[in-house]
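The structure appears below as structure tokens.
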Amino acid sequence: MESIREQKLEALKNAADYLDRLIPAMEEVVSEIKGDMKDDTIDFLHQVIDGFNFMVETYNVTEDIVNDPEPLIINEELEKAVGRLSDGFSKKDYAAIADGLSTDAIPFLKVFKEAALRSA
């Protein structure tokens, strides 16, 4: 039976692979929101946010590995970022959501990807 650490390392490997697709998708949806929204932009946004939430959950399970030997992700900052995105969604303020994705979510995902690659 795999140890919990081995399972976490496998989750990080899978996260790195997933982030190869999620980060460009998130950048694309930000571009659509800030530019020319398409008929499916909001549906695309919801899919991207589902992916972001999945990566936050994966980070929460693996944060002891991600932040070892030094903290790369500050949990309080991540919580604030998630709160701002949630607030934008509750107000249907797509400009605020796009800003939150570009200034908070994408940088978090890039750091998480680098940490995942380093650990996996």
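With rounding to the nearest 0.5 Å, the separation of CD in E27 from CG in L22 is 9.5 Å. The distance from the CE atom of M26 to the CD atom of Q47 is 12.0 Å, given to the nearest 0.5 Å. In this structure, F108 CZ and I23 CD1 are separated by 9.5 Å, a value rounded to the nearest 0.5 Å. Atom CG of L12 and atom CZ of R118 lie 9.5 Å apart (nearest 0.5 Å). For the atom pair CG (D17) and CG (L117), the distance works out to 8.5 Å, reported to the nearest 0.5 Å. With values rounded to the nearest 0.5 angstrom, I33 atom CD1 is found 6.0 Å from I42 atom CD1.
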I'd like a table of donor-acceptor pairs (distance under 3.5 Å, sequence neighbours excluded) in which one partner is a side-chain atom from residues 83-98, with atom names and distances.
from	atom 1	to	atom 2	distance (Å)
R84	NE	D104	OD2	3.2
R84	NH2	D104	OD1	3.2
R84	NH2	D104	OD2	3.0
D87	OD2	K91	NZ	3.2
S90	OG	D87	O	2.8
D93	OD1	A95	N	3.4
D93	OD1	A96	N	3.1

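Judged as a ring-ring contact (aromatic ring centres under 6.0 Å, His included), and not counting sequence neighbours, the contacts of Y18 are F54.
In this structure the side chain of V111 never reaches within 4.5 angstrom of the side chain of Y59, judged on heavy atoms. For the pair S119 and L9, the minimum side-chain heavy-atom distance is below 4.5 Å. Two residues are said to be in side-chain contact when any heavy atoms from C-beta on lie closer than 4.5 Å; K38 and T41 meet this criterion. No side-chain heavy atom of E114 sits under 4.5 Å from any side-chain heavy atom of K110. For the pair V61/Q7, no side-chain contact is recorded, criterion being any heavy-atom separation below 4.5 Å from C-beta on. Using a 4.5 Å cut-off on side-chain heavy atoms (C-beta onward), V30 and V48 make no contact.
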Step-by-step salt bridge (charged side-chain N to carboxylate O under 4.0 Å, His left out) determination, E10 to K13:
CA-CA 5 Å; E10 182 67 22; K13 179 183 178 298; 5.1 Å; no
Audit row: K8, E63, salt bridge (charged side-chain N to carboxylate O under 4.0 Å, His left out) steps and yes/no:
CA-CA 9 Å; K8 289 180 180 184; E63 72 176 284; over 6 Å; no
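Side-chain atoms of S3 come within 3.5 Å of backbone atoms of E6 as a donor-acceptor pair (strictly under, hydrogens ignored). The main-chain N or O of D99 is found under 3.5 Å from a side-chain atom of S102 such that the two form a donor-acceptor pair. In this structure a side-chain-to-backbone donor-acceptor pair under 3.5 Å is missing from E77 to I74.
The 12-atom threshold is not exceeded at CG of D36, counting heavy atoms of other residues, nucleotides or ligands nearer than 6.0 Å. Around atom CG of D20, more than 12 heavy atoms belonging to other residues, nucleotides or ligands sit under 6.0 Å away.
Transitive grouping of hydrophobic side chains (ILVMFWY, heavy atoms separated by less than 4.5 Å) brings I49 and M37 into a common cluster.
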